[in-house]
Amino acid sequence: MKKFLIGIACAGVVSLGASVAYASDYVQALLFPVKIEFNGQDKDLGNDYTILNYNGHAYVPVRYIVENMGGAISYDGQLNQISIKYAEDQNRFSELNSIKQEGSFSLSLASQKKEYTRNEAINIWAELTYSGNTTIEVQHANPLIVYYIKDEVGNYREMATLDSNTTEAITPNQKYKKSFPSGLVSAFNYDKSGLKDYGAFLENFPAPELLSPGNYEIGVKANFRADNEERTITSSLDITIK
């Protein structure tokens with residue numbers, strides 16, 4: 001494993017856009033090329049995140065972990081505080097539901113509420129289900145389920161996918177789940193701001209992971225190839241931020 005110097009404050013590990021550095025507070029750590037699994041599904045870190053090993057402990061990127069577990073994260077530079085919010089149990093109740101069926105695949109989307117307050121974590125989740133009778137091979141980018149946001153005036157942002165393609169066998173009644181990522185809201189707000197410098201954006205938007213009041217279309221897409229056929233399934237619903 002390669003050696004790596006990190007600040008003891010771990011600002012880079014948090015990866016929230018905060019600029020924190022202490023010249024004398026550095027430790028020597030090792031790059032730790034491990035895989036992370038969420039509910040039985042492997043997740044690729046991509047090029048934006050790194051896991052470190054320091055004194056036998058793994059240091060993971062907070063934003064990556066929180067968002068993959070359906071939470072929201074923000075950083076307050078004045079308070080020097082990281083805030084993490086988790087939505088309530090998403091399997092308990094949903095006020096909005098949308099489902100689209102294509103052959104033996106169905107893509108469902110659900111939201112805990114029709115209306116959210118600005119400071120609430122958006123509790124939305126999607127599920128792609130295969131109901132065929134035989135095991136088949138599926139080719140897809142990562143992640144398989146991709147979210148998008150669209151506002152009332154047409155501003156649009158979609159989740160990025162990794163260039164690499166994955167081929168895997170899926171069995172009858174196998175399901176893929178993906179919670180709404182708060183990082184998509186930050187990307188949406190950045191595009192909408194029209195600013196070219198992300199640092200300037202963070203200075204003007206202290207809570208980039210929150211949507212402004214208004215009406216939004218939240219949607220999901222599943223693009224994949226199965227049985228030698230390209231398939232695209234899309235499902236969406238409308239929410240209001242108060």
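We number each residue from 1, following the sequence as shown. Every heavy atom of this structure was used, including side-chain atoms; hydrogens, water molecules and symmetry mates were not.
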What's the shortest heavy-atom distance between [X] and [Y], and which atoms?
X	Y	result
Arg157	Ala187	CZ-CB, 3.6 Å
Tyr116	Asn123	OH-O, 3.0 Å
Leu109	Ile218	CD2-O, 3.4 Å
Tyr49	Arg63	OH-CD, 3.5 Å
Leu31	Thr50	CD2-CG2, 3.4 Å
Asn189	Pro208	ND2-O, 2.8 Å

Please list every donor-acceptor pair under 3.5 Å in which a side-chain atom of residues 235-242 meets a protein atom from a residue at least two apart or in another chain.
| from | atom 1 | to | atom 2 | distance (Å) |
| --- | --- | --- | --- | --- |
| Ser235 | OG | Ser98 | O | 3.3 |
| Ser235 | OG | Ser98 | OG | 2.8 |
| Thr240 | OG1 | Asn215 | OD1 | 2.7 |

Q. Can you name the residues that form a salt bridge (Lys or Arg N to Asp or Glu O under 4.0 Å) with Arg118, not counting sequence neighbours?
A. none
Q | For Lys192, all residues meeting salt bridge (Lys or Arg N to Asp or Glu O under 4.0 Å), sequence neighbours excluded | A | Asp151
**Q.** Short N-O contact, Glu158 and Lys221, less than 4.0 angstrom
**A.** yes
(Q) For Arg225, is there an ion pair with Glu137 - N to carboxylate O distance below 4.0 angstrom? (A) no
Side chains of [X] and [Y]: closer than 4.5 Å at any heavy-atom pair?
X	Y	answer
Thr161	Leu144	no
Pro181	Met159	yes
Thr234	Val220	no
Asn223	Val146	no

Can you tell me how far the [atom1] atom of [X] sits from the [atom2] atom of [Y], to the nearest 0.5 Å?
X	Y	atom1	atom2	value
Leu211	Ile122	CG	CD1	4.5 Å
Thr166	His140	OG1	NE2	5.0 Å
Lys178	Ile124	NZ	CD1	13.5 Å
Phe201	Asp191	CZ	CG	9.0 Å
Tyr216	Glu152	OH	CD	7.5 Å
Ser104	Ile136	OG	CD1	5.5 Å

Q) Looking at residues at least two apart in the chain, or sitting in another chain, which of them share a side-chain hydrogen bond (donor to acceptor under 3.5 Å, both in side chains) with Glu102? A) none
Q.
Holding to side-chain hydrogen bond (donor to acceptor under 3.5 Å, both in side chains), I want the full list of residues that pass it with Tyr190, two or more places apart in sequence or in another chain.
A. none
Is it true that a side-chain atom of [X] and a backbone atom of [Y] form a donor plus acceptor pair closer than 3.5 Å?
X	Y	answer
Tyr147	Ala126	yes
Gln101	Gly103	yes
Glu120	Thr117	yes

(Q) Are Tyr198 and Phe205 connected into the same hydrophobic cluster when the rule is that any two of I, L, V, M, F, W, Y join if their side-chain heavy atoms are below 4.5 Å apart? (A) yes
Q.
Starting from Val34, can I reach Val60 by hopping between I/L/V/M/F/W/Y residues whose side chains sit under 4.5 Å apart?
A. yes
Q: Report the C-alpha distance between Ile99 and Leu107 in whole Å, list the side-chain angles of each, state the deciding distance to 0.1 Å, and finish with yes or no for side chain to side chain contact (heavy atoms under 4.5 Å, CB included).
A: CA-CA 6 Å; Ile99 185 168; Leu107 180 61; over 6 Å; no
**Q.** Distance-only donor-acceptor check, side chains Glu217 and Tyr148, under 3.5 Å
**A.** yes
Q) Relative to each other, are the rings of Tyr59 and His57 parallel, tilted or perpendicular (30° and 60° limits)? A) perpendicular
Q: May I ask you to check whether over 12 heavy atoms, not counting those of Asp197, lie within 6.0 Å of atom CG?
A: yes
(Q) Does Ile149 form a side chain to side chain contact (heavy atoms under 4.5 Å, CB included) with Tyr156? I'd like the steps, not just the answer. (A) CA-CA 6 Å; Ile149 303 175; Tyr156 178 91; over 6 Å; no
Q: Check step by step if side chain to side chain donor-acceptor pair (under 3.5 Å) holds for Asn97 and Ser94.
A: CA-CA 7 Å; Asn97 295 275; Ser94 60; 3.0 Å; yes
Q: Evaluate salt bridge (Lys or Arg N to Asp or Glu O under 4.0 Å) for Lys177 paired with Glu127, printing each intermediate quantity in order.
A: CA-CA 4 Å; Lys177 298 181 180 180; Glu127 186 174 276; 3.8 Å; yes
Q | Contacts of Phe105 that satisfy ring-ring contact (aromatic ring centres under 6.0 Å, His included) - sequence neighbours left out | A | Tyr130, Phe224
